[in-house]
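Only a predicted model underlies this, so the values are computations on that prediction, with no experimental measurement involved. To find a chain, count down the sequence lines: A is the first, B the second, and so on, and within it residues start at 1.
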There are 2 protein chains.
Amino acid sequence: MSTAVVSYALNGRRGVAEVTRERVLRVADELGWRPATAARSLRAGPGAAALVAVHDGAAGSRAASTLDLVTAAAEVLDEAGVTLAVHTASSVEQAAHLMRQWWAERRYAGFVVTGLRSDDARLAALRHLPAPAVMVGDPALPAPPAWRSVVLDDATAFAQVGEFLADLGHRRVAMLTGAEGLLSTRRRATALGGALNKSGIDFEAVSGDGVDRAAAAVGSLLSSGSHPTAVVTDDDVTAGVVLDVARRLNVNVPWQLSVVAGTDAAACRLTTPSLTAVPYPVERLGNAVGHALLGVLRADGTKREKAPPSTTVAAGGLVVRGSTAPPDPR
Amino acid sequence: MSTAVVSYALNGRRGVAEVTRERVLRVADELGWRPATAARSLRAGPGAAALVAVHDGAAGSRAASTLDLVTAAAEVLDEAGVTLAVHTASSVEQAAHLMRQWWAERRYAGFVVTGLRSDDARLAALRHLPAPAVMVGDPALPAPPAWRSVVLDDATAFAQVGEFLADLGHRRVAMLTGAEGLLSTRRRATALGGALNKSGIDFEAVSGDGVDRAAAAVGSLLSSGSHPTAVVTDDDVTAGVVLDVARRLNVNVPWQLSVVAGTDAAACRLTTPSLTAVPYPVERLGNAVGHALLGVLRADGTKREKAPPSTTVAAGGLVVRGSTAPPDPR
DNA sequence: TTGAAAGCGGTACCAC
DNA sequence: GTGGTACCGCTTTCAA
């Protein structure tokens, strides 16, 4: 039997007698044989994509959820025979460098980019390649056709937080934003501030990048004479810090201070009081990333499909728990 | 100029005129050319390794540190031109399956395995391949020569915790262990229990697998008439839960209850009181993994080197913070 | 329906 | 020191 027959049989192409096919499949299985990725790639191009996680602390607590995202994406990708690898880089620049290099080496067929920042070196790098890419979390920017975005609609959710706090009667609200350059945290602050200003409520955004700085910021916020009656954070860890600082300063949560975590996580249910939080639908986000990636990889290989360049994943309604209440009239 | 000359020049082999070499390198650089991974792999075999993280919750808070580990390992590996990819699997069995498949596809040259469990399917799978592998965190088991281990000596650290608590005067100590099958948590409990028993101190290990169960366990532990005066956890998140439950039950930490986190993390410094913790030297662990991986990959390619099959990384001395004190004589 | 053969992009051996 | 060439393992075209 010739190699061509085997190849046909294994790849499910027609033109092989059913008996022959079965025999081939059986033997391959018995031998535990699988086609070598390298040989296959040499001919057809790489069949895998990569996500280079920037691991410099600015990503904050979202580092953990990267693996959740990938797991969810892999669920979708596995069925299509695509694998998604995760790598880490210690800076945005290094991430850009790695992607450039790996693209030149034809190691990966495309990339997934998370945690976009303003002036992101990765964007510039990818644009020049040009490699298929999926941008996760942030609104679609003017992008080459080989890109697709998966947008997390947390702006709506944060606006809702603003309305919620307004309805409770809060008049002064502060947000502890995440890392400086992170696009998502700025977008969240804008949405929250917009909703609050519309109700004529005082809003202030304070940099809470990193737990230590967050702790310091909350400290000075609460020590001032008339401090805000509600604090919204960018992530769950920072919200925990707020609770702790408040407790230390004898500020009662939720009566003297309401706290909202910008990203829900298991830990939010376990604090005292438990944390009201904006859902973070990693799983749906991951699935969407999987589909977007398949689209962008296929579109590149065959004809340009007219797929929507962007999918929006709703964050969902605020999960109200014990850390929010009407402000104490004092 | 022929392809052979180019290949020689780029790979730094001798037998090429210096002028020629420089010209080749310069042109390659200008063109942004890099050898295709697939073509290279086809001849020389894969040049990358993979870590398949089991992502089923049992890994607990250590999920986040996987990326730290990989980052530290990559630092070492980059210089040798080896890349380490991370993938996730939803169970030990799936991880084993993926490694088997990827080995058959000659996609990766070796694997890194973390979070070993008793009766681990990954061990059996890898043993049958046989693929070069680095086992992280647990003591060396009877292993094929293509394996190497990076051992975290947390047993010593946990024994030290026992002595520390004994010296403080505690007479009843409990440990909240992590996921059932996890080898490391069992080893830690054994070391702690051994040290305590030697001092004639009452020791009890309770399953605290998952935050909810941990909370419940601490609750019932503290509600009983004469509860332990010290609790040791397997990780930092669980320690946070202990603090919270204690606070809710009006058990004063550290005077009525001392708490020790089994794995130090940034969060341990920020609780009130801050958490006494066993250091978790991810970075050193990662570097060791990098070196071990290089060793095991090279040993496979060329001659069998007589490198030590196992590297031990000390956890280091207990970091004493505010959550531990002599027990209240009541 | 099957077999033979040409690449894919490098590396390494061989003469020159 | 340099150029020609076989080969890595698979896919695919073309003839039989």
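Rounding to whole angstrom units, CZ of residue B:Arg106 and C1' of D:dC8 are separated by 10 Å. Straight-line distance from the CG atom of B:Leu10 to the C1' atom of C:dA12: 14 Å, rounded to whole Å. The distance between atom CG of B:Leu42 and atom P of C:dG10, rounded to the nearest whole Å, is 12 Å. The interatomic distance linking A:Arg13 (CZ) with D:dC10 (P) rounds to 16 Å, in whole Å. Rounded to whole angstrom, the span from the CZ atom of B:Arg23 across to the P atom of D:dG1 amounts to 16 Å. Across the protein-nucleic acid pair, B:Trp33 atom CH2 and C:dG9 atom C1' stand 8 Å apart, rounded to whole Å. When the P atom of C:dC8 is taken as reference, atom CZ of A:Arg40 falls 19 Å away, rounded to whole Å. Following rounding to the nearest Å, B:Arg43 (CZ) and D:dC8 (C1') show an atom-to-atom distance of 6 Å.
Using a distance-only test at 3.5 Å, with no hydrogens or angles considered, a donor-acceptor pair links the side chain of A:Arg106 to the main chain of A:Ala104.
Dashed line: the shortest gap from a side-chain N or O of A:Arg21 to OP1 or OP2 of C:dT2 is not under 4.0 Å.
Positionally, the nearest nucleotide of DNA chain C for B:Arg34 lies more toward the 5' end than for the other of B:Tyr8 and B:Arg34.
In the displayed structure, A:Arg284 atom CZ is contacted under 6.0 Å by more than 12 heavy atoms of other residues, nucleotides or ligands.
In this structure, of C:dC13, D:dG9, D:dT13, it is C:dC13 that holds the atom nearest to the side chain of B:Ala4. Among D:dG9, C:dT2, D:dT2, the nucleotide with an atom closest to any side-chain atom of B:Thr20 is D:dT2. When distances run from any side-chain atom of B:Ala39 to the nucleotides C:dG10, C:dG3, D:dT2, the shortest one goes to C:dG10.
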>> Apply side chain to side chain contact (heavy atoms under 4.5 Å, CB included) to residues B:Val54 and B:Arg117 and explain how you reach the verdict.
In response: CA-CA 11 Å; B:Val54 177; B:Arg117 316 189 183 190; 3.4 Å; yes
> What's the verdict on side chain to side chain contact (heavy atoms under 4.5 Å, CB included) for B:Gln94 and A:Asp78, showing C-alpha distance, side-chain angles and the deciding distance?
Replying inline: CA-CA 12 Å; B:Gln94 204 206 340; A:Asp78 274 353; 4.0 Å; yes
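If you check every strand for non-hydrogen atoms under 4.0 Å, B:Ala17 touches sugar and phosphate atoms only.
Relative orientation of the B:His87 and B:Trp102 rings is tilted, given thresholds of 30° and 60° on the angle between their planes.
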